[in-house]
Amino acid sequence: MNLLTGRPTPRPALLDQSPDALRAWFAERGQPALRVKQVRRWILAGRAESFEQMSDLPRELRAELATHFSPLGTRVERHLVATDETHKLLLRLSDDRMIECVLIQEAQRRTACISTQVGCGMGCVFCASGLNGVVRNLTAGEILEQLVRLRNLTPAPDGRLSNVVVMGMGEPLANLDNLIEALEVAGHKDGLGIGARHITISTVGLPAKIRRLADLGKQYHLAVSLHAPNDLLRTRIVPTNDQTGIADILAAADDFFEKTGRQVTYEYVLLGGLNDSPREARELGTLLQGRKAHVNLIPFNDVEGLPYTRPTPEALTAFVDTLRRAGLSVKVRKRKGSEIDAACGQLRRKVEQELTSAV
Ligand code: SAH
């Protein structure tokens, strides 16, 4: 029993157990090692959310599993659906912390946006996720489980996720090992079948970790959150820039491109009157010129309590035109599910505030 919430202590999630530990658990019960694969396949491919559904396992074994584990370790605290069919899940973890993940549905794609940490330690001034700092890294199982839960929202039996963007709460490269472990399972044919080429990892820009990611020799797509064309402005917007600096980040991103052959995307949140003037557009154009890079402009999504605004339509158009004239490939990120607080970290804050004020 959790003394704070009065709820029963959750059983450990099956997806959080290592295959070795599970093999040992089955062996103690005289069960063959193939049970590990069988049970995991039920959850990953078969959409099972209870052991009872695992119909090719002996009945007693299913009951025994259910007394020791739960197939999934999170509970759905809120499930919101926007008119454009964007789903947002607020998941409660076994230690009662909360994270968000989102399913974005378009004609040809079903994209999962997932979190890697509870909170975020990077402190970008406009972002809701980092307002209270980082609490902890998510486990590989917790990262994988977001994908499983979002996939389970697609039509059965064949609905699948086509893409993943690691753009939810947290700094993915600050939790790289757990993230990669989860993505490896997601990419496996017995997993969710999402190959590295369809997975985008977005980072605030940690040069050493970008190089480590490049050395893995995988085809992940890298997105770097630049948000400003010079160090003075970037450090105001992205405080960690103080320790890194734009030059180091660009050099690491160039290495990533060289090693993987994958073109890097630069994300740039447009904050009205702060980083959206023609001068910044020209400076950004010069900074990135000559690189085979793509720029993704993200008009600021309002965060309650923060003083930032979206760029005016004129400022946005002028910014895009200037970058295109500099020869860059540019896209403006579409707003999805705006009525369900799609900017990451906002729903969690709202629900946490509601729950605290209800106590
Ligand atoms: N820590 C990672 C992932 C963050 S979320 C990173 O820094 O890249 C993905 C993108 O959304 C980042 O570029 C982030 O800066 C941006 N973002 C966060 N809050 C936002 C908001 N309120 N409006 C617009 N973009 C936002």
Side-chain angles (χ1 to χ4, degrees), residues 88 99-102 104 111-134 137-138 143 146 163-176 178-179 199-207 209-210 213 220-228 233-241 243-244 246 249 252-253 256 264-272 274-276 284 293-311 316 319 331-338 340-350:
K88 177 168 257 196
I99 54 161
E100 296 177 16
C101 56
V102 182
I104 302 153
T111 303
C113 176
I114 56 169
S115 297
T116 49
Q117 298 181 309
V118 179
C120 183
M122 300 299 119
C124 301
V125 294
F126 56 84
C127 176
S129 297
L131 288 176
N132 296 331
V134 63
N137 280 342
L138 297 185
I143 297 172
Q146 296 170 66
N163 297 74
V164 175
V165 294
V166 190
M167 294 189 184
M169 289 165 46
E171 168 49 43
L173 297 193
N175 188 14
L176 187 56
N178 291 350
L179 173 64
I199 298 176
T200 300
I201 300 177
S202 174
T203 176
V204 72
L206 307 177
K209 296 292 181 68
I210 291 176
L213 185 65
Y220 297 119
H221 176 201
L222 178 70
V224 174
S225 294
L226 202 54
H227 305 333
L233 183 57
R234 189 169 193 268
T235 302
R236 273 176 66 194
I237 300 174
V238 181
T240 56
N241 192 62
Q243 285 120 55
T244 43
I246 292 176
I249 297 173
F256 181 91
V264 174
T265 292
Y266 291 94
E267 293 163 288
Y268 194 106
V269 172
L270 286 165
L271 303 161
L274 187 57
N275 65 354
D276 67 340
L284 183 62
H294 177 79
V295 179
N296 207 334
L297 297 174
I298 320 171
F300 173 64
N301 277 316
D302 293 323
V303 176
E304 216 184 290
L306 293 185
Y308 307 102
T309 56
R310 293 167 75 75
L316 176 60
F319 208 94
K331 258 198 204 136
V332 179
R333 188 169 301 167
K334 281 177 286 177
R335 212 166 181 199
K336 287 273 165 191
S338 52
I340 58 168
D341 292 321
C344 56
Q346 292 204 71
L347 177 63
R348 177 183 75 124
R349 280 179 68 72
K350 205 188 284 174

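No hydrogens, no waters, no symmetry mates; every other heavy atom, side chains included, goes into these values. Order of appearance sets the numbers: ligands from 1, and atoms from 1 within every ligand.
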Flag for Glu171-Thr116: side-chain donor and acceptor within less than 3.5 Å
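Distance-only check fails for Thr116 and Glu171.
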Can you check side-chain contact (heavy atoms from CB on, under 4.5 Å) on Val166 and Ile143, steps first, answer last?
CA-CA 10 Å; Val166 190; Ile143 297 172; over 6 Å; no
For atom 25 (N) of ligand 1, which of Val269, Thr200, Val166 has the closest heavy atom?
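The nearest heavy atom belongs to Val269.
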Candidate with minimal heavy-atom separation from atom 9 (C) of ligand 1, of Met167, Gln117, Arg310:
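Result: the heavy atom closest to atom 9 (C) of ligand 1 is in Met167.
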Provide the number and element of each atom of ligand 1 under 4.0 Å from a heavy atom of [X].
X	answer
Val204	6 (C), 7 (O), 8 (O)
Val303	22 (N)
Ser225	6 (C), 7 (O), 8 (O), 12 (C), 13 (O)
Phe126	15 (O), 17 (N), 18 (C), 19 (N), 20 (C), 22 (N), 26 (C)
Gly170	1 (N), 2 (C), 3 (C)

Can you tell me if [X] contacts ligand 1 (heavy atom of the residue under 4.0 Å from the ligand)?
X	answer
His227	yes
Glu171	yes
Cys120	no

Heavy-atom contacts under 4.0 Å between Thr203 and ligand 1: side chain, backbone, both, or neither?
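It is the backbone that touches ligand 1; the side chain stays farther off.
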Reported CD-to-CD1 distance for the pair Glu100 and Ile114, which is rounded to 0.5 angstrom:
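Reported value, rounded in 0.5 Å steps: 13.5 Å.
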Are Arg234 and Ile246 close enough that some pair of their side-chain heavy atoms sits under 4.5 Å apart?
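Yes, their side chains come closer than 4.5 Å.
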Is it true that a side-chain atom of Asp276 and a backbone atom of Leu316 form a donor plus acceptor pair closer than 3.5 Å?
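No, because the side chain of Asp276 does not come within donor-acceptor range (under 3.5 Å) of the backbone of Leu316.
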Do any N or O atoms from the side chain of Asn178 and from the backbone of Leu138 form a donor-acceptor pair under 3.5 angstrom?
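At least one qualifying donor-acceptor pair exists.
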Check side chain to side chain contact (heavy atoms under 4.5 Å, CB included) between His221 and all other residues, then give those that pass, not counting sequence neighbours.
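With sequence neighbours excluded, His221 shows a side chain to side chain contact (heavy atoms under 4.5 Å, CB included) to Thr200, Arg262, Thr265, given in chain and number order.
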Please enumerate all residues that pass side chain to side chain contact (heavy atoms under 4.5 Å, CB included) together with Arg333, with sequence neighbours excluded.
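Side chain to side chain contact (heavy atoms under 4.5 Å, CB included) list for Arg333, sorted by chain: Met167, Glu267, Asn296, Ile298.
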